[in-house]
Every structure is written in C-alpha cells, then in structure tokens.
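Contents: one structure, followed by commentary.
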Amino acid sequence: MKKTLLLIFGILLLGSSQLAFSQQALSDSARMAWWKEARFGLFIHWGIYSVPAGTYNDQKVAGIGEWIMNKGKIPMVEYQKYAAQFNPVKYNAEEWVKMAKDAGMKYIVITSKHHDGFAMFKSDASNFNIVDATPFKRDAIKELAAACKKYNMKLGLYYSQAQDWNHPGGAANGGQWDPLQKGNMDDYLDKIAVPQIKEILTKYGTISVLWFDTPTDMTKERAEKILPLLKLQPNIIINNRLGGGYSGDLETPEQFIPPTGIPGKNWESCMTMNDTWGFKSYDNNWKSASTLVRNLIDIASKGGNYLLNVGPTSEGLIPDSSVVRLKGIGKWLHANGEAIYGSSPSPFPFLKWGRCTRKGQTLYLHVFDWPTNGKLEVPLENAVTKAYMLENPKQLLKTSSENGHLIINVPAKASNEIATVIVIQIKGEPKVEPAISKGLKGDASSFAPGFESEKAFDGIPTTRWKAVETEKSGWLVADFGKSVKICAASIVEGGSTEKNITKFQFEYKDGNDWKVIFAGKSIGLGVMKTFPTIEASQFRINILEAKATPFITDMQLYQDR
Ligand code: JFZ
C-alpha cells in the first residue's frame, strides 16, 4: 500500500514539474531573446468588474474600471454577486489570439487574477473563481492557453500577488473598507496567492511571462514565498512589480514612454487604448490608431516593448473601438514590421521629423512629418550605399551630403500618413552628432559635492545634478555661451518611483528676463517636449517646488538645423 502511494505521489510531482524538467534553464540573455525581438504585446484586463462596467448603484464610479470595488467602497458580499452575473458566452479565445496575431502582436498577457481577487481560472485554493462562482463554468485561462499554443502565441499571466480585496488579509491600497477583509497578509499569501500561482504555473503549459502588480506591503520574506515557484517555469520572464526589493527582468513604465528610454534596462511600456484597463461602458476617450502606431515606433526607437491593453466586455467581446485600432496597427505592421521586430534603438538623440530604429548598418527612418521641399535631412555623416522606401523597395532614393548631413531626395507625398519608413544602408558605425547640450558644464543655483551641474549633461544615467540638502527648489542652466536654435528638450529626473519635483518651468533667457517655454507638475522617468524653435544662449529648468532636495539625472536640448 505504502509503495503504491509513493508511486502515485512520484507520478503527480513528476507530472506537475514535467514542465520544469522539460525546459532547460536558458541564460538570461537567451531567456529574454524572444521578448526583446517581439517588441509588441497585447495586455488583457478581463474580470467580473466588466459586469458593472464602471457603474455602481446607478452612479458612474470615477477611475479605472477594474478598481470599481475599491473606488466605490463596495462591500465584499455585494461585489461577489457580480460573479453570478458573469456569463461571457461570446468568449472565443481563438478569435482573440488571431486578432492579436493580425495586429502584429507577439505575446499576450492576461489578468488571471486582478486586485478584486476573482480568479479567471479553476482554482482549488478559492471557489471565488470563474468555474465555481459563475454560470459560465468554463476556465478562461485554459482556453486561452490552448489557443495560444495552437497559433504559436507566447502567453503571459498577470497575477495580483499582494492586493486582494475579497480574501481576508489581502492588501488594499488606500486601506480596507469592509471588516470581512480583515486578516493576516501572510495567511492570505500562504492560503491563496502561493497555491494559485502554483496552479497557473503548472496547469496551462508554458507560461512565458508572469506579470506581478502593485507590491503593497510586500517584504523580502513575502516575495521569497513566491520566488521558488518560478522554478516550475525555468525560462519565465517576470516584471519589476513583485516587491521585496526584487527588480525582475524588466521595468514597467505605465501609461508613459520614457523620453530617453531606460538605458541599460529591459523595459515595457504598458498603456490603455482609452482611459481604463478594465471595461467601462462609457469610456470612449480612444487614442487614434495613428497615435498607437507612433507610440510603438517611439518605444522601439528607444529600445522598449509596447504592451497595449484591451478590456473585454462581460459578454466576452473585445470592444469594437479596440478591434478597429488593432486592425489599423496590424495594417501598418504588415507593411513595416521589418523596421520594428528585432530592431535596436536609434543612434540619434533626436530627430525633428520622426524616429529611427536600427539593424546593424541598416537604419529605418520613420517619418512622421514629411518634408515639403522633397528633401529629408538626416544628421548623419556616414556614406549611404542604398536608400529606398520600405513599402516599395524598388523605389530607390537619391542621397547627397550637405554640411556633414545626409540629404535624401524623397517623393512629394508620404506613402503612409501614420509613418513612412525610409531604409538606408550605411558604411560603418553611425556617425551621429550628439545633442548640442551633451557635455555642457552648465550652472546651477546650488549643488551638493559630487552632484555638479555638468552631471546632468554628461548623458550618463548613473550620475546626476543635485542641489544642496537644504534646498527644495532651484535651477539648472544650459549655457551655450552663444546663441543657438533649440526646438526640443528632454528632462529625466530619475527612476519610475523618483517623482520628487512637483512644479517646474522650462525657460530661456531673453535679455535679462527668463521666458517660459513649457511648465509641468512632475518629471520622474522624464518629459520630452518639442516646441517652436527658440534662438537663445541660455536655457534652464526652474524648479519651483519639490518634496525634497531637487535633482536631475539628464537634461538634453536639441538643435533645429
Ligand atoms: C496597476 C493596477 O492597479 C491597474 O489596475 C492596472 O492593472 C495597471 C496595469 O497596473 O496600476 C498601477 C500600477 C503602478 C503605477 C500606477 C498604476 N505606478 O507605479 O505609477
């Protein structure tokens, strides 16, 4: 009898970690290779919050739809009733995967459990799940995993490891609002999060990404309850939101594109198509397909990935407005994907008319603003061996060099309103002029030892200017010593969590007066602004208010030639 039991246990363990043994652990770079090549993925926020769809007690609840329970302070018993109304019979996982594939997306990340604690998969750890608590009774993750396997689409799972508003002890940003939520967080982690993460990493085949979120109250010890589970999927990629000091494999700027990328880091910008992740019936503030394509190009030109979101309805349909935009993006990528997939960042600090991506000695010039004089000016010194339109490679383009700059003779009209890609093959490494501000000494209202003004202009992400400890305001000047024509500026404060400045103005000196060019209330990972060309010799960031001693990691100004 004992032998039989041991045999069964052995088979079970073997079974569950069959995956573990079958996947040899790759080196970090090999493990990230597919992800870096992919550049573009689909984020899916789907759950029972799509039932109220932004309205509670006939009242519109402000904010992102998947937070309606928290924003509406809905009691647990009340909210859990939405599960009984969740019956997405029109859900067709294969349709979703085909739609993502046709849009040019290479991976999908879906919410297996969001902050509301509802599992979109069959779970033995809690019956608050799609199979046990809804009339639908089908495992949505299981069906999507099968469809991804069938169409060779990489699958990632979002799991809210810390926040859980329907299991006692789960964390709740802003504080719990229902006594039934009270409990011990470590018990919640041991009884719900850890068992469920084990379920999603053992029941659905290869999981390529695990996307944690909001690491509220996550300590190193709590993170280490979860980390060993990753061995079940040796080549899985995790983001930087587990908490406990673990930075994972990639940074995740949210609803934001870092102006100078995040040098030296893998990063993925996640973004909504409207103003919500989860479905809200009345949120129609949709970005255009053109904006979404240009975001993808902008992100790729800075070495990042784009994780673009859809919020399906409670019927199981992706909103038409999202479907239309996915088609538009797919159309552009179908013709120009070569310039995005597997590309490397731009060698140019700034291009007035668009962006650039690269593959070795081939540069892809993504032109947003088509020249009216039939000449595209590129701040590049290299000789060009071939230039052509990506969408029509037979159409070779003449090139010449003027004042050390490449001039490309282009047709009168752009071939693609969103972005027309011109391909140039160059000799040697790109010889590109740095930003005119690179290496400036600059000046500042004050500086702490080792944090002199020139540290903000050296282009090194690990050095920065910082005012003296006592200051909570100050200024940093780019002094060119002569008049120059500037049409854009990028300012980076620090990492994603370093939003210290709360009020600032970017100014230029006109005689004895400082004139405002643009202003703002936060910088953090950075702001990038283009503006009508200004001719002056001094420009500065004037920090009017900050939570603590102000600092700037990088400030660059771009010339209008
Ligand atoms: C989180 C979630 O709360 C939200 O519901 C959605 O899933 C989104 C993708 O992620 O929202 C965040 C997380 C982090 C920040 C902002 C919103 N942040 O670091 O600024």
Side-chain angles (χ1 to χ4, degrees), residues 41-50 52-54 61-72 74 79 107-120 156-166 170-177 193 209-218 238-248 250-258 262 265 267-280 283 287 295 299 304-312 322 492-502 521-527 547:
L42 178 67
F43 212 172
I44 302 177
H45 276 72
W46 194 33
I48 63 174
Y49 39 77
S50 61
V61 178
I64 43 188
E66 69 282 4
W67 274 65
I68 191 168
M69 185 183 177
N70 187 314
K71 303 284 184 187
I74 306 176
Y79 185 84
Y107 60 107
I108 293 176
V109 177
I110 186 169
T111 51
S112 65
K113 190 202 80 165
H114 202 268
H115 307 331
D116 65 351
F118 181 79
M120 294 296 282
L157 295 177
Y158 169 112
Y159 187 88
S160 178
Q161 77 283 5
Q163 289 203 80
D164 191 315
W165 306 328
N166 274 290
N173 285 18
Q176 293 166 337
W177 57 92
V209 175
L210 191 51
W211 220 93
F212 296 112
D213 201 2
T214 60
T216 314
D217 306 335
M218 284 296 286
I238 67 167
N239 68 2
N240 66 335
R241 297 189 185 190
L242 171 60
Y246 286 93
S247 56
L250 57 115
E251 301 269 318
T252 52
E254 173 136 348
Q255 303 283 42
F256 172 74
I257 301 172
I262 306 179
K265 297 274 182 75
W267 61 278
E268 175 192 72
S269 186
C270 58
M271 197 179 288
T272 56
M273 285 191 190
N274 54 4
D275 296 331
T276 182
W277 302 93
F279 178 69
K280 288 182 85 172
D283 182 334
K287 300 173 181 73
N295 284 348
I299 289 166
N305 278 28
Y306 195 25
L307 190 64
L308 184 58
N309 185 76
V310 296
S322 296
V492 177
E493 192 174 7
S496 56
T497 54
E498 295 181 289
K499 286 193 175 175
N500 173 44
I501 293 170
T502 53
K521 292 195 174 324
S522 80
I523 298 179
L525 263 175
V527 291
K547 296 176 199 148

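Both ligands and their constituent atoms are indexed starting at 1 by order of listing. Computed from a prediction, not measured in an experiment: that's the story for all the values here.
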*Which ligand 1 atoms does His114 reach within 4.0 Å, using its non-hydrogen atoms?*
4 (C), 5 (O), 6 (C), 7 (O)

*Check: Trp211 N/O within less than 3.5 Å of ligand 1 N/O*: no

_Heavy-atom pair of closest approach, residues Asp283 and Thr276_ = OD2-N, 3.4 Å

*asked:* For the residue pair Thr272 / Asn309, report whether a side-chain donor-acceptor contact shorter than 3.5 Å exists.
replied: no

*Which of the numbered atoms in ligand 1 are below 4.0 angstrom from a heavy atom of Glu66?*
4 (C), 5 (O), 6 (C)

*asked:* Would you say that more than 12 heavy atoms from the other residues, nucleotides or ligands in this model lie under 6.0 Å from the NZ of Lys287, or not?
replied: yes

*Would you sort out whether Tyr158 and Ile44 count as a side-chain contact (heavy atoms from CB on, under 4.5 Å), showing the intermediate values?*
CA-CA 9 Å; Tyr158 169 112; Ile44 302 177; over 6 Å; no

_Would Gln255 count as a contact residue for ligand 1, given that I'm defining contact as a non-hydrogen atom of the residue lying under 4.0 Å from a ligand atom?_
no

*Measure the distances from the heavy atoms of Gln163 to every atom of ligand 1 and state whether one is below 4.0 angstrom.*
no

*Considering non-hydrogen atoms only, spot the tightest contact between Pro258 and Trp267 and give its length.*
CD-CZ3, 3.5 Å

*Could you tell me whether Thr214 and ligand 1 have an N or O pair separated by under 3.5 Å?*
no

*asked:* Ignoring hydrogens, what is the shortest heavy-atom contact between Lys499 and Glu493? Give both atom names and the distance.
replied: CA-OE1, 3.8 Å

_Could you work out, for atom 3 (O) of ligand 1, the closest of Glu254, His115, His45 by heavy-atom distance?_
His115

*Can you sort out which atoms of ligand 1 are near Trp67, meaning under 4.0 Å from one of its heavy atoms?*
2 (C), 3 (O), 4 (C), 5 (O)

